[in-house]
Amino acid sequence: QVQLVESGGGLVQAGGSLRLSCAASGRTFTYSLMAWFRQAPGKEREFVAAISWPGGATYYADFAKGRFTISRDNAKSTVFLQMNSLKPEDTAVYYCAAGAGGRRYSVQTEYAYWGQGTQVTVSS
């Protein structure tokens, strides 16, 4: 089993920044890809960004390119999502996920482990 715990969400004004963290514990050797997804009220959960483990290749949704940066601290088994220039439409619950890896990094079913989520609210 792998446990994922997100932190760093909160309320921020449009144009501001937040840094989300996802700490992994347990059988961390069982996964090679970690990602962030988000789900806004009334919408389906969508892919935000992913990073391979330990190689470090990164992948982004189009809306995240240029504003969000995913990174990781291998020693601490932690993944970060730096979010800049936030917009009200970025308001959502952000989830961390871990999976075995592969090319379908944006597909939710590729991820076996999920965190509880952290709320991000961007005010206009």
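Any value given below was found using the heavy atoms of this structure, including those in side chains, with hydrogens, waters and symmetry copies removed.
Checked against M83 for a side chain to side chain contact (heavy atoms under 4.5 Å, CB included), the options V12, L20, T69, V122 give a single hit: L20.
P41 approaches T91 most closely through the heavy-atom pair CD-O, 4.3 Å. Nearest heavy atom pair, residue T78 against residue S21, reads CG2-CB, 4.4 Å. The heavy-atom pair separating W36 from C22 by the smallest distance is CZ2-CB, 3.6 Å. Between S17 and S85, the closest heavy-atom pair is OG-N, 4.4 Å. A98 approaches Y31 most closely through the heavy-atom pair CB-CG, 3.8 Å. The nearest pair of heavy atoms linking A14 to S124 is CB-CA, 4.4 Å.
No single ILVMFWY cluster, assembled from side-chain heavy atoms under 4.5 Å apart, contains both V48 and F80.
For residues 9-20, there are no salt bridge (charged side-chain N to carboxylate O under 4.0 Å, His left out) pairs, not counting sequence neighbours. Residue pairs satisfying the side chain to side chain donor-acceptor pair (under 3.5 Å) criterion with at least one member in residues 5-15, sequence neighbours excluded, are absent. Listed by first then second residue, pairs satisfying salt bridge (charged side-chain N to carboxylate O under 4.0 Å, His left out) with a partner in residues 82-108 read R38-D90, R67-D90, R104-E110, not counting sequence neighbours.
Its side chain within the 4.5 Å cluster rule, Y95 clusters with L33, F37, F47, Y59, V93, Y105, Y111, W114 among the Ile, Leu, Val, Met, Phe, Trp and Tyr residues. Through ILVMFWY side-chain contacts below 4.5 Å, L11 is grouped with nothing and stands alone.
Note that CD of Q108 is 9.5 Å distant from CD of E46, once rounded to the nearest 0.5 Å.
No side-chain heavy atom of M34 sits less than 4.5 Å from a side-chain heavy atom of R72.
With S52 contributing its side chain and A57 its backbone, the two residues share a donor-acceptor pair below 3.5 Å.
Considering only residues two or more places apart in sequence or on other chains, T58 meets the side chain to side chain contact (heavy atoms under 4.5 Å, CB included) condition with I51, Y60, I70.
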